[in-house]
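Every chain is numbered from 1, with letters handed out A, B, ... down the list of sequences.
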Amino acid sequence: MVPIGVPVEHVIALAVALFVIGVLGVLLRKSVIVMLMSVELMLNAANLLFVVFAERWGVARGQTISFFVMAVAAAEAAVGLAILIGVFRTHNTTDVDELRDLLEQS
Amino acid sequence: MNISDALAGMPQILPMIAVIVGGLVTMLMAVARSHKDPEHGQLTAGPFVAVALVSLVFALFLLTQIEPQAKAVWGGTLAIDRLSLVGQGLIVVIAALAISMGAASITTQGIVRGEYFALSLFCVSGMMLMVAATELLTFFVGLEIMSLAVYVLVGFRRSDRRSQEAALKYFLSGAFASAFFLFGAAMVFGATGTTAYAGISTSAQKLLSGTAFPMQTLLLVGATLCVVGFAFKIAAVPFHMWAPDAYQGAPTMVTGFMAVTVKAAAFMAFLRFVLLALGDGSTRHVPWIVDVLSLLAIVTMTLGNLSAVLQRNVKRMLAYSSIAHAGYLLVGMVGALERGEPAVQGLVFYLFVYGLATLGAFGVLIALERKNGRHDEMLINRFAGVGFQHPALGVAFAVFMFALSGIPPTAGFTGKVLLFGPALDAGHIGLVIVAVLNSVVSVYYYLSIVVYMFMKNPPPRQSTEPRVFSPWLTGALVVTTFGVLIVGMMPQRWIDMFAKLV
């Protein structure tokens with residue numbers, strides 16, 4: 001049923017692995033740029049899952065969704081980088097651990 | 001779906017289109033203004049507020065003209081049932097009040113850009129889509145339209161360190177949560193072959209009654225990840241860490257806006273997902289979802305309230321209070337799962353009351369902010385004696401605090417009765433007892449601000465910068481104050497109205 005010649009299970013395993021790498025990246029890394037890349041990785045893992053399941057069920061909906069997700073991911077990256085530039089201008093750092101103004105103040 | 005279906009569905013999305021058009025007009029106005037006045041020095045909020053209010057009021061009018069339908073429109077992606085119409089109306093009303101309040105501080109708080117109004121309106125259109133969505137992708141797109149606009153709004157004070165920090169933290173955790181939701185949605189799609197709630201519900205019933213091992217697990221893991229995504233957006237413990245920072249760092253007018261509308265939209269979408277995708281309205285395919293939600297409710301209420309007690313910054317305290325309210329609303333959701341229709345009415349009624357009271361409280365904070373105010377002006381001891389200097393604001397703030405803690409005769413009391421009642425009926429006595437005890441704890445920190453305002457002497461040296469007043473803000477405060485009182489004193493009329501609507 002799957003014309004790509006790769007077993008569905010393998011693709012699912014790849015998607016889950018990408019997602020876990022993304023989660024770990026967001027949780028463990030301190031540079032905001034790497035965290036942003038990790039979020040993109042998570043979104044793309046979801047995309048891969050949508051596409052492979054669309055193949056499996058033989059419906060086009062999964063493929064369509066992946067296009068929407070790409071557009072959303074692009075918008076998210078644009079907004080994220082703009083916010084990051086704002087942070088860099090005011091704090092001179094892209095390290096999340098150094099952003100502590102809100103905690104110290106209260 | 002085909003072209004004629006799309007045309008037939010057009011009137012149902014006109015309210016959203018009206019809001020988007022309003023957003024586009026304000027965006028163009030902002031550009032035109034920046035041509036004339038490159039310094040942005042003298043931006044007057046009046047025309048922007050007027051356009052925004054006209055589009056919101058028009059959207060509300062259109063919403064009242066739509067007949068509720070049992071069947072989802074747009075190829076099964078949008079529900080035009082009463083919950084959807086009332087939910088959209090609620091968001092539009094609250095957003096109109098919030099935007100009026102923001103007009104006062106747009107020039108004084110260094111937010112001299114008309115894009116504020118455009119972003120707020122786009123955000124509202126995303127929320128309306130979220131509330132109506134009966135399909136995972138539609139919900140996701142609405143969620144992102146809302147979230148991306150709110151991230152930018154939180155960071156709207158470009159030169160302010162705290163505002164930027166808050167925006168980044170909110171963005172990172174929000175994007176993280178969206179990715180969780182999306183991955184969960186992909187798994188649900190994989191298990192059921194569809195993303196429409198109705199289809200998911202039928203497949204789930206089949207899958208979960210049988211013992212189809214891989215698919216069943218896929219569905220449950222996917223649904224759990226989706227619930228995690230929702231829990232992030234409503235700021236339920238343990239997914240709440242973004243809320244205090246985002247609420248505190250954001251400009252006060254944005255905090256008021258997001259504390260109410262984001263929570264209301266996410267909650268109604270969550271309710272729809274749990275009721276329609278993981279059940280079919282009256283039955284539940286996943287029996288333990290009630291236990292999960294009860295646990296989430298207990299942890300959220302308790303941690304939210306206990307943390308709020310410790311705060312010295314009023315904005316941060318209100319952030320924890322909104323976390324606690326997410327817990328109360330989850331109690332209502334447990335009731336809605338057990339009792340259906342009347343409990344949903346109670347939930348929407350409480351969202352309305354919570355919205356009025358929270359927005360009003362932030363409105364008072366906006367009115368008390370000084371021009372180019374420093375951040376420590378939100379510390380609780382700065383509120384000493386304010387009740388004597390500004391009696392009207394002090395009394396209004398006290399009314400909102402009474403409402404949030406659920407003391408009669410304010411609407412907060414009626415709201416809590418309607419919210420907790422169904423859960424009690426369904427036998428969740430322990431849960432309701434925890435909720436009521438939590439309300440008692442919350443009285444401590446709500447009233448401590450009132451005590452500072454009316455029972456302490458003002459500090460000897462005070463900033464001489466004028467406070468912010470504007471007719472828009474005054475009007476919105478009058479509406480919220482009397483709203484809370486009138487709904488509280490004549491509850492039956494309003495309950496009947498909501499019963500008819502929802």
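Closest non-hydrogen pair, A:V39 versus B:A175, comes out as CG1-CB, 3.8 Å. Shortest non-hydrogen contact noted between B:A186 and A:A46 is CB-O, 3.8 Å. When all heavy atoms of B:T192 and A:W57 are compared, the closest pair comes out as C-CZ2, 3.7 Å. The minimum heavy-atom distance between A:A75 and B:L148, with the atom names listed, is CB-CD1, 3.7 Å. Between B:G190 and A:R56, the shortest heavy-atom distance links the atoms O-NH1, 4.3 Å.
For A:F50, the parts lying under 4.5 angstrom from a heavy atom of chain B are both the backbone and the side chain. Contact annotation for B:L218: only side-chain heavy atoms (C-beta onward) come within less than 4.5 Å of a heavy atom of chain A. Heavy-atom distances place the side chain of A:L27, and not its backbone, under 4.5 Å from chain B. For chain A, the nearby part of B:A191 is the backbone; its heavy atoms alone come within less than 4.5 Å. Of the atoms belonging to B:L137, it is side-chain heavy atoms, and not backbone ones, that fall under 4.5 Å from chain A. For A:A82, the part lying near chain B is the backbone, with the side chain staying farther off; criterion is any non-hydrogen pair under 4.5 Å. Heavy-atom distances place the side chain of B:F140, and not its backbone, under 4.5 Å from chain A. If you measure heavy-atom distances from A:V87 to chain B, the contacts under 4.5 Å come from both the backbone and the side chain. For B:E144, the part lying near chain A is the side chain, with the backbone staying farther off; criterion is any non-hydrogen pair under 4.5 Å.
For the options A:A73, A:A54, A:S38, heavy-atom pairs under 4.5 Å to chain B are most numerous at A:A54. Of the listed residues (B:K169, B:E165, B:Q164, B:M187), the greatest number of heavy-atom pairs within a distance under 4.5 Å of chain A belongs to B:E165. Looking only at heavy-atom pairs under 4.5 Å with chain B, the residue among A:T64, A:I12, A:V23 that has the most is A:V23. Between chain A and the options B:A179, B:S147, B:S178, B:G155, the largest number of non-hydrogen pairs under 4.5 Å is found for B:A179.
Looking at heavy atoms from C-beta onward, B:F183 lies in side-chain contact with A:V16 at the 4.5 angstrom threshold. Under the 4.5 Å side-chain criterion, counting only non-hydrogen atoms from C-beta, A:V26 is not in contact with B:L172.
Within 6.0 Å of the CZ atom in A:F68, the count of heavy atoms belonging to other residues, nucleotides or ligands does not exceed 12. Residue A:R29 qualifies as open at atom CZ: its count of foreign heavy atoms under 6.0 Å is 12 or below.
Atom CE of A:M35 and atom CZ of B:F176 lie 8.5 Å apart (nearest 0.5 Å). Note that the OG1 atom of B:T138 and the CD1 atom of A:I65 stand 9.0 Å from one another [nearest 0.5 Å].
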Verdict with supporting geometry, A:L84 and B:F171, side-chain contact (heavy atoms from CB on, under 4.5 Å):
CA-CA 10 Å; A:L84 182 58; B:F171 171 78; over 6 Å; no
Would B:Y170 and A:I83 satisfy side-chain contact (heavy atoms from CB on, under 4.5 Å), going step by step from the backbone distance to the final call?
CA-CA 10 Å; B:Y170 189 21; A:I83 290 174; over 6 Å; no
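Judged as a ring pair (Phe, Tyr, Trp, His ring centres under 6.0 Å), and not counting sequence neighbours, B:Y320 has no contacts. For A:N92, the side-chain contact (heavy atoms from CB on, under 4.5 Å) partners two or more places apart in sequence, or in a different chain, are A:F88.
In this structure, B:F189 and A:F53 have perpendicular ring planes: the angle between them is above 60°, well past the 30° mark.
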